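Worksheet: the structure to be examined is printed underneath.
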Amino acid sequence: DDGYNFLKTRKRYYRNSLYLLESAINEWNNEASIPTFVLQLGDIIDGFNAQFQASELSLQRVLNEVKKSKAPFHHVWGNHEFYNFSREALTFSELNSKGQIGR
């Protein structure tokens, strides 16, 4: 859902995020030259998911779209990942690109 920045001075528009991800993946998949990889730079889900106990569901919804990509995704963990998950949980998650190599 839409929300505000940390200081509550600026509205952020999240509602279309999954649609925009889906659209980007469709574009990349239909390129004549598919990207070698996609680098996801962190904050894949909102930090407020933890307080609503929606972290796992929110992450799974995003990863379901990511899995449609013909190009592999590599993930960097941002502060929002750490708001939602422990380091140990991230290490054994699909967001651990290093752990996914060769699987």
Side-chain angles (χ1 to χ4, degrees):
D1 211 9
D2 293 339
Y4 287 88
N5 65 346
F6 183 75
L7 297 174
K8 304 209 183 309
T9 58
R10 193 168 159 202
K11 189 163 188 170
R12 292 187 174 173
Y13 300 93
Y14 302 119
R15 288 183 193 190
N16 290 324
S17 297
L18 280 175
Y19 170 75
L20 293 172
L21 175 61
E22 177 185 10
S23 179
I25 289 172
N26 285 335
E27 287 290 323
W28 297 330
N29 284 346
N30 290 314
E31 288 286 327
S33 178
I34 295 170
T36 304
F37 64 90
V38 176
L39 182 60
Q40 188 280 117
L41 296 174
D43 297 350
I44 196 167
I45 62 173
D46 188 62
F48 287 112
N49 283 299
Q51 70 186 16
F52 300 112
Q53 299 175 341
S55 301
E56 293 286 344
L57 177 62
S58 296
L59 179 60
Q60 199 53 56
R61 289 178 68 197
V62 174
L63 291 176
N64 286 342
E65 293 302 319
V66 165
K67 290 174 186 173
K68 296 174 184 177
S69 174
K70 293 179 183 177
F73 267 67
H74 296 283
H75 303 278
V76 175
W77 300 340
N79 60 323
H80 289 204
E81 280 75 24
F82 290 105
Y83 295 156
N84 285 281
F85 304 103
S86 69
R87 184 175 298 276
E88 182 179 18
L90 289 169
T91 299
F92 295 101
S93 77
E94 293 179 63
L95 293 180
N96 184 354
S97 299
K98 186 175 181 182
Q100 301 298 315
I101 295 172
R103 288 189 185 176

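Counting from 1, the numbers follow the sequence of the chain as shown. None of the values given here were measured: they were computed from a predicted structure.
Rounding to the nearest 0.5 angstrom, the gap separating the CG atom in Leu21 from the CG atom in Asn16 is 12.0 Å. Rounded to the nearest 0.5 angstrom, Asn30 CG and Ile25 CD1 are separated by 12.0 Å. The CG atom of Leu63 sits 8.0 Å away from the OG atom of Ser93 when rounded to the nearest 0.5 Å. Here Trp77 contributes atom CH2 and Asn84 contributes atom CG; the two are 13.5 Å apart, rounded to the nearest 0.5 Å.
With contacts defined as side-chain heavy-atom distances shorter than 4.5 Å, the pair Val62/Leu18 qualifies. In this structure, the side chains of Phe82 and Leu90 come closer than 4.5 Å at one or more pairs of heavy atoms. Between Leu95 and Ile44, the closest side-chain pair of non-hydrogen atoms falls below 4.5 Å. Put simply, the side chain of Phe85 does not reach to within 4.5 Å of the side chain of Asn49, judged on heavy atoms. Within the 4.5 Å cutoff, no side-chain heavy atoms of His74 are placed close to those of Val38. No side-chain heavy atom of Asp46 sits less than 4.5 Å from a side-chain heavy atom of Phe52.
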message = Let's go through Ile45 and His80 carefully: what are the C-alpha distance in whole Å and the side-chain angles of both, what is the deciding distance for side chain to side chain contact (heavy atoms under 4.5 Å, CB included) to 0.1 Å, and is it a yes or a no?
response = CA-CA 7 Å; Ile45 62 173; His80 289 204; 5.5 Å; no

ask   = Can you check side chain to side chain contact (heavy atoms under 4.5 Å, CB included) on Gln40 and Val76, steps first, answer last?
value = CA-CA 6 Å; Gln40 188 280 117; Val76 175; 5.9 Å; no

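Within the structure, every pair that satisfies the salt bridge (Lys or Arg N to Asp or Glu O under 4.0 Å) test and touches residues 48-69, not counting sequence neighbours, is listed here: Glu65-Lys68, Lys67-Glu94.
Of all heavy-atom pairs spanning His75 and Ser97, the tightest one is N-OG, 2.6 Å. Contact record, Phe73 with Trp28: CZ-CZ3, 4.0 Å, taken as the closest heavy-atom pair. Nearest heavy-atom pair, Ser69 versus Ala71, reported as atom, atom and distance to 0.1 Å: OG-O, 2.7 Å. Heavy atoms only, all atoms of each residue included: Lys70 and Ile34 are closest at CD-CD1, 3.5 Å.
In this structure a side-chain-to-backbone donor-acceptor pair under 3.5 Å is missing from Asn96 to Phe92. A donor-acceptor contact shorter than 3.5 Å is absent between the side chain of Ser23 and the backbone of Tyr19.
Other residues, nucleotides and ligands contribute at most 12 non-hydrogen atoms within 6.0 Å of the CD atom of Gln53. Taking a 6.0 Å sphere around CD of Glu27, one finds it holds 12 or fewer heavy atoms contributed by other residues, nucleotides or ligands.
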